[in-house]
Every structure is written in C-alpha cells, then in structure tokens.
Amino acid sequence: MADNLPSEFDVIVIGTGLPESIIAAACSRSGQRVLHVDSRSYYGGNWASFSFSGLLSWIKEYQENSDFVNESSAWQEQILENEEAIALSKMDRTIQHVEVFCYASQDFHESVEEVGALQKNHASVSSANSTEAENSACLPTEDKSLSTVSSEVPTEQTPSRDAGSALEVNDVEVTGEKGNHCDDKTCVLSTSEEGTSENVPVAEDITEQPKKNRITYSQIVKQGRKFNIDLVSKLLYSRGLLIDLLIKSNVSRYAEFKNITRILAFREGRVEQVPCSRADVFNSKQLTMVEKRMLMKFLTFCMEYEEHLDEYKAYEEIAFSEYLKTQKLTPNLQHFVLHSIAMTSETASSTIDGLKATRNFLHCLGRYGNTPFLFPLYGQGELPQCFCRMCAVFGGIYCLRHSVHCLVVDKESRKCKAIIDQFGQRIISKHFLVEDSYFSENTCSHVQYRQISRAVLITDRSVLQADSDQQISILTVPAEEPGTSAVRVIELCSSTMTCMKGTYLVHLTCTSSKTAREDLEPVVQKLFTPYTETEIENEVEMPRLLWALYFNMRDSSDISRNSYNDLPSNVYVCSGPDCGLGNDNAVKQAENLFQQICPNEDFCPPPPNPEDIVLDGDRLQPGASEFGAVPEANSETPKESTNLGKLEEHSE
C-alpha cells in the first residue's frame, strides 16, 4: 500500500493523539492534502482506549521496548549533501513503571481467551510491530469506506476492537506483592514456561457467573471486548472548548455521550455525594438549613464575582482555601467547594483561580444534565477517532504501523522539506506536525518533563452504593502530605460501554511525585479491599478490587517549543495528554497550530450540506456523504446516552 502513496502533501502529521487528529481534520476540511502516519497499530497514542486483551498487548509492547534494537541506518544514505536529518525515535518512552496486580481468582490450568477473538499465537503477537510492507494499514479517502461504521458501535480501528488482538494470558508479565505465584486467594500471572498452555477455543455461550458478585479473572478475559480502557482519564465540560468544537464541526454525530450522574467527596474516611445544583442543595440531607443558605449565597456570588471586586480584592494572592475560611462557610462546605466544585487543593490555587474554577463549574451545570460533565460512550479513545474520521471524509490519508525514520531539513533554508519512511520513500510536504513522543533523545535533551500517575482498577461495586447500579461518578481525594497532589477518581459503570456487567472501571489520576503505585496505592487502600474468596460469604463494606494496573505517563503539555533542539520553523510539536480533567488544553493547542498553518481559514467549520456539493457537474445524491443523515440508534445503546447534535437544539 505504501507504493500507492502520493509523493507530496501539504501537511504530514505524525501521531494520532487528540491534538494531532483535530489539526489533521481541520487542515483536511480546509482543502489541505493531509497524510497522517503512526508507527502504532491503533489510533490515539496515549489518548487511546483498549479492550482488556488489547491492554495486555499494550503492556507487553512496552515491556518489549526495553529490549529494542535499532533498525538499519541505510536510510541515511538518502540524505543529500545540502541536507541534514532529524532522526525520529522508534521507541516510545512516555510510559514507565508499569505494574499489574490480579486479585480475582483464576485456575491457571485452564487456558483463557477472549470471546469472539481470533486465535493468535505468541509469535504473531511478537511480530505485531514488524515493518514489512504488508503490515502497513492505509485508510482509503472515499466516503463509502466509512459508511459501515456507526457512531454507536465500536469500530475495528484499535486493538480494543481488533478481532485479532487477543493475547494469551501468559504473554503478559504481571507482578505482585508476593512474587510470581498463584494461590486460591490472589493470582499473579507469570511468564515462565511452566505457566504456558495451548489456546483452547472458548464456546460462544458464556458461562454465567456461578454466584452473585463472584467474578473471576477468566470471566474478565472472556468478556474482554466489553472493556474499553482509556490510557488517559478525562471528562468533557458541557460548555468546554471540546464540546463546542464537536458541535460546530458536526463531529459530534460520530459519538454519543452520557452524563456524569454524581459528584462525590471523600471526607473523614467516608465517601459522600456533593450537592452542586440548586435542586441538589435543597434536597440534600447532609446539609442543615443554615448550610444550604450559606452555600447558595456563596455560589451565587461566584457566578458574578467580577462585579463585586471589593469582596475578594484583598484576598486575590492568597490560597483559595484560606479565602473560603473568611466567607463564614462551615468546614463541611469549605471541603465541598474546594475539592468537589472548584476541584483544587489547599495550596494549588489562588483565590482568583478558585473563583474562576467555581464559576466555570456552575456555568456548565444544566446544559445536558445535573452535573457539568459528559463522558463519551466506549471511552475517551473514541474522540481522536471521530476527528480522524472527519479528516478521512475530506480526503486525508491514514497509515498505521507506518514508521518514519527522519525529517529531512534543507541546510540553506533551515526548513523541513520531506520525511523518509520505513520503506525508504521520500515524501515531500510544506508543514510537519510531530507528536512529542516521536522525537529522539537528542532532540529532547534539554526538555524537562513532568509525569502523571495513573491507575486503572476493575472492581465489583461502586464506591458509594445507590438505588441504581448505573452511576457514573467523579471523586476527589485530598492530598494528605505536603508536596503531594489530590487524586482524581472517575468511576464508570457498564452502561458507558467501558466494562462488563457486574463490574466498575475506576480511573485514578494525579501529578506524580513518585511512581504511580507509590502515589496511588494509599488511595486505593482507602476506597477498596482486595478480593478474597472468604469475603464472598460475608459482605464487606468497601468494593472488592479484582484487578489493578499502575503506570506513569509523560506530561509534555507545558513544554516550550524552544526547549527542543534545532527544530525547523515548519515543524510543529503536539503534546501528549496533560493531567487536567478537561480537554481545553488540547483544543487550544490544535487551534493555535492550525492558525499557523492556515492563517486565513476557519477552524473546523461545519461541513456543507450534501445537497450543496457538486462533483463534476452532478449534484451529489443525499445520503452519499458521511454527513447526510444522523445514524440510527443502536438497540444496545443505553437510552440515557446523549447525541450532542440533537441536544444542542434544546440546551440554550
């Protein structure tokens, strides 16, 4: 397929994360010829989501990166005398300290495989990153190539939806507190030959859980395609920049969303629901009548704080937590406002920043639901794919498993003129966008990165039981020690299409001070108890922890472009995910870089109506375009899901 690639483009984008995908879509929509390449076999980079077996494959890939051997440097012979090369990295160094723990019971004499997945032996998995030509996957540019993909049904673009991505359990190294072993209480996977067994096909009929709340590791693997596990955990503010962009560009029709149903707080060792809307405040049984009046008065002030400068002018430079103490709020209310509404910590924000955050929270209330947040069905990894789809509709070409050896720079003009890919093909372009992780250590030798600590948990119940088992919650656990960060906890239920029924998918995120496990395990121990067989009979108060993954992720969001060594002016850098809850940073970055490439163009304007498009003198038939009709709802999609395009008509 690589032989069919044109030799010249207007924009070449390396990496398929959210900022790169937005920029590629915007450039394609503006008539630019776009080539989008990624050495990975899935869309999204560190913004991606995976099925359970896909996540095991991802873990194994990063373990194998440590043994990476550089490929041949024959491409250097293609660099001319008046040119020089900026070599790109073949190894992704953005993920570190990966640790996996399995607490659910598992009989390792029984081989386990994901239901519905094709058999794949270890050799084929090991060669997944092969650079042979047949492994290059190009997405056609014709509209009809996308017509079978519904916004409500997961696509087959990432390992989370790849029927061939199933991985034997024993292919993944998993560490545990007691070493590599397995007993009847805690199971820890091993890569030893003794634990390896042949694949046994799994019957289509899934064995029902033998007992309520009893979930085994075998069931998690068999139901692996029910999981869509995000590498980055974020929510969408209902009036945030990304929601506005999705609606403006009509990309919102490619995805559906659910409201976050609860905002929780952790105080005095207990999880409580936070009243944030007017109705919640007046219906709350946690607050006294005096506290309700105090809270409503303060929140009303926050909505229009700029009109009352005298009330906060003297406190602008002090911490928001100190300012709250001056407002005659009870400790209970101070905690709710600080950690669950402004979503900051005692020392992280000034008064003015805290007031802005509180106003933004309140401003987003009520647009689509009772909280300010939305979550995309099937996970955050859907969002980059939505913009990739828009780019392809307008002619963008996509190549996965397609690595780039270097950028070719003209010595005289100091401009980048081309790339050399894995096949030795020189592809010319005017503009080059590169995701940070693709730069070599030499290019990034002066860059100082921060780190994000992440944990992904599978549990058997919610951190706060309610009448409905389909709650989607966000919880902030305050930092206990100076110098550490508050931990953000997002708990997803099965109706978000991110986990199997009877389980919850829990994401923990904070700015790193140590390894992810050291940062987050204390919070995990406060909220959950490890699964053991003996506790099945006697109900425990806390949810049981079935499986846990910890890892650190690089945060490149605040890196100045000048920190990179000798980048040409037409090479633009896109950062990976930041630690923030929303996606505003990615949208701002995308719009800024797009304006540098296309200074006189509108950023992601709405697509034309099919009736207005004329091709070769013939009017395009309605429905022939991707944007011709709203996709029909899938019968398996929860009724509570939200289509932004439909709701926008009633949100104002």
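Computed over heavy atoms, backbone and side chain alike; hydrogens, waters and symmetry mates excluded.
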Student check: side-chain heavy atoms of [X] and [Y] closer than 4.5 Å:
X: Tyr42; Y: Trp58; answer: yes
X: Ile490; Y: Thr509; answer: no
X: Ser437; Y: Asp92; answer: yes
X: Leu400; Y: Arg40; answer: no
X: Ile59; Y: Leu549; answer: yes
X: Thr261; Y: Thr371; answer: no
X: Phe551; Y: Ser453; answer: no
X: Pro376; Y: Leu236; answer: yes

Flag, side chain of [X] to backbone of [Y], donor-acceptor distance under 3.5 Å:
X: Thr503; Y: Cys499; answer: no
X: Thr515; Y: His97; answer: no
X: Thr16; Y: Gly44; answer: yes
X: Ser49; Y: Asp230; answer: no
X: Thr476; Y: His339; answer: yes
X: Tyr103; Y: Thr529; answer: no
X: Asp578; Y: Ser556; answer: no

Which atom names give the shortest non-hydrogen contact between [X] and [Y], and what distance separates them?
X: Trp47; Y: Gly17; answer: CD1-CA, 3.5 Å
X: Met500; Y: Ile220; answer: SD-CA, 4.1 Å
X: Lys234; Y: Cys579; answer: NZ-C, 4.4 Å

Is the shortest side-chain N to carboxylate O distance from Arg544 to Asp460 below 4.0 Å?
->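 Yes, charged N to carboxylate O under 4.0 Å.
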
Is Arg262 salt-bridged to Glu272, cutoff N-O under 4.0 Å?
->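 Glu272 and Arg262: not salt-bridged.
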
Test applied, ring-ring contact (aromatic ring centres under 6.0 Å, His included); reference residue, Tyr237; option that passes from Phe373, Phe257, Tyr368 =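 Option passing the ring-ring contact (aromatic ring centres under 6.0 Å, His included) with Tyr237: Phe373.
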
Tyr398 ring center within less than 6.0 Å of Tyr43 ring center =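 Close enough - the centres of the two rings lie under 6.0 Å apart.
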
Give me the ring orientation class for Phe101 and Tyr550: parallel if the planes are under 30° apart, tilted from 30 to 60°, perpendicular past 60°.
->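 Perpendicular.
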
Measure the acute angle between the ring planes of Phe227 and Phe52, then classify it against the limits of 30° and 60° as parallel, tilted or perpendicular.
->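 Correct class here is tilted.
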
Have a look at Ser462 and tell me which of Glu491, Gln470, Gln471 forms a side chain to side chain donor-acceptor pair (under 3.5 Å) with it.
->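 In the set Glu491, Gln470, Gln471, the residue that makes a side chain to side chain donor-acceptor pair (under 3.5 Å) with Ser462 is Glu491.
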
How far apart are the C-alpha atoms of Arg554 and Asp436, what are their side-chain angles, what is the distance that settles it, and do they pass the salt bridge (charged side-chain N to carboxylate O under 4.0 Å, His left out) test?
-> CA-CA 10 Å; Arg554 177 191 292 178; Asp436 168 88; 2.9 Å; yes

Separation of Leu377 CG from Asn228 CG (nearest 0.5 Å) |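 Nearest 0.5 Å value for the CG-CG distance: 10.0 Å.
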
Under the side chain to side chain donor-acceptor pair (under 3.5 Å) test, which residues partner Asp555, sequence neighbours left out?
->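 Result, side chain to side chain donor-acceptor pair (under 3.5 Å) vs Asp555: Arg450, Ser557.
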
